[in-house]
Amino acid sequence: MTTETTRVVPTASTRGITAYRGYRPPPGMISWALHRITGLGVLLFLLLHIVDIFLVNYGPEVFNELLFLYRHPVFRIGEIVLVGGLYYHAANGVRIILIDFWPAAYRYERQLFYGVIAVFLAGFIPTAFLMIRAMLVAGGHA
Amino acid sequence: MTTVRPHIGRERPSGGFELYSWYFFRLSGLLLIFLAIGHVVIMHVVNTVDEIDWQFVADRWNSPFWRAYDWLMLFLALLHGLNGARLAVDDYVRPQGWRVFAHSVLWTLALVFLIIGSLAVLTFDPSKFEVVAHTGG
């Protein structure tokens, strides 16, 4: 309890998350990590997706037989996560290209990151709403 | 007055294969924003996995436009994604032998998946299965 004496007296600005005095990653680190994780995730799905679409060549029985996989609730939630990952990757990709080709963009690093989050949410909220609704409708029929 | 630009993001490579890959990464990314998000909206939001089946794909690939769209997307997405994986390998895999191995795996994946993806998009012939589809259904 020796640290007790050096503790900051809680005020309005030091309560909650702002009271946390440890390491806080800068926006560039968060956006980079998310970009890499979403990119590799989408790639993994792409490889699976190429294999499944290859099976159309084996006719309707084989192809339709395997669709139960994509209609499974776990997979449908994964599908929504996948679309979210893709949207983030696209929005942040635009930020990366801006920084690459517009030398002054580094001054607006934080604003650009908030812009990415805004664009992501503007796209993902309606998409996720429609996908969840379709999933619940399908679930009701089953 | 000159201001020194701090290092933000990955530095542009000075030339050779890495510079081509750098430009390809950005150009394919821009095109994929339209191709991949268009694809997702059509296939996962407007239509859903409940409507999509073999017949849906057969009807869609009746149009050369959608075959060209899907083939371009396959090509760009696969090379864009594997290029990203290649950069991740360069970041994390240090020992020389493992690097050679990982790069070989990625190039092999590129080749194999481009071939099977192209076979699906370009050689799919729904009329082959007309009889089967009718007797089966």
Stepwise salt bridge (Lys or Arg N to Asp or Glu O under 4.0 Å) check, A/Arg76 with B/Asp50: CA-CA 11 Å; A/Arg76 296 191 74 146; B/Asp50 299 306; 3.1 Å; yes

Checking [X] against chain A: side chain, backbone, both or neither under 4.5 Å from a heavy atom?
X: B/Arg12; value: side chain
X: B/Val41; value: side chain
X: B/Ile52; value: backbone
X: B/Val57; value: side chain

Which bit of A/Val83 comes within less than 4.5 Å of chain B, counting heavy atoms only: side chain, backbone, both or neither? side chain

Select one option (side chain, backbone, both, neither) describing which atoms of A/Tyr58 are under 4.5 Å from chain B's heavy atoms. backbone

Treating A/Asn64 as the side-chain partner and B/Trp54 as the backbone partner, does any N or O pair qualify as donor plus acceptor under 3.5 Å? yes

Leading residue by heavy atom contact count with chain A [cutoff under 4.5 Å; candidates B/Leu78, B/Ile116, B/Asp91, B/Leu30]: B/Ile116

B/Val121, B/Asp125, B/Ile37: which one forms the most heavy-atom pairs within less than 4.5 Å of chain A? B/Ile37

Please determine, among [options], the option with the most heavy-atom pairs under 4.5 Å with chain B.
options: A/His89, A/Glu79, A/Met131; result: A/Glu79
options: A/Leu43, A/Thr127, A/Asn57; result: A/Asn57
options: A/Leu47, A/Ile96, A/Ile53; result: A/Leu47
options: A/Arg36, A/His35, A/Arg133; result: A/Arg36

Quick one: side chain to side chain donor-acceptor pair (under 3.5 Å) partners of A/Asp52, sequence neighbours excluded? A/His49, A/Tyr70

Can the positive tip of B/Arg26 be found less than 6.0 Å from the middle of the six-membered ring of B/Trp22, inside 45° of the ring normal? yes

Are side-chain heavy atoms of A/Tyr88 and A/Ile117 found at a separation under 4.5 Å? no

Would you say the ring centers of B/Tyr20 and B/Phe24 fall short of 6.0 Å from each other? no

Evaluation steps, side chain to side chain donor-acceptor pair (under 3.5 Å), between B/Asp70 and B/Trp61: CA-CA 9 Å; B/Asp70 286 350; B/Trp61 279 356; 2.7 Å; yes

Contacts of B/Ser104 that satisfy side chain to side chain contact (heavy atoms under 4.5 Å, CB included) - sequence neighbours left out: B/Val100

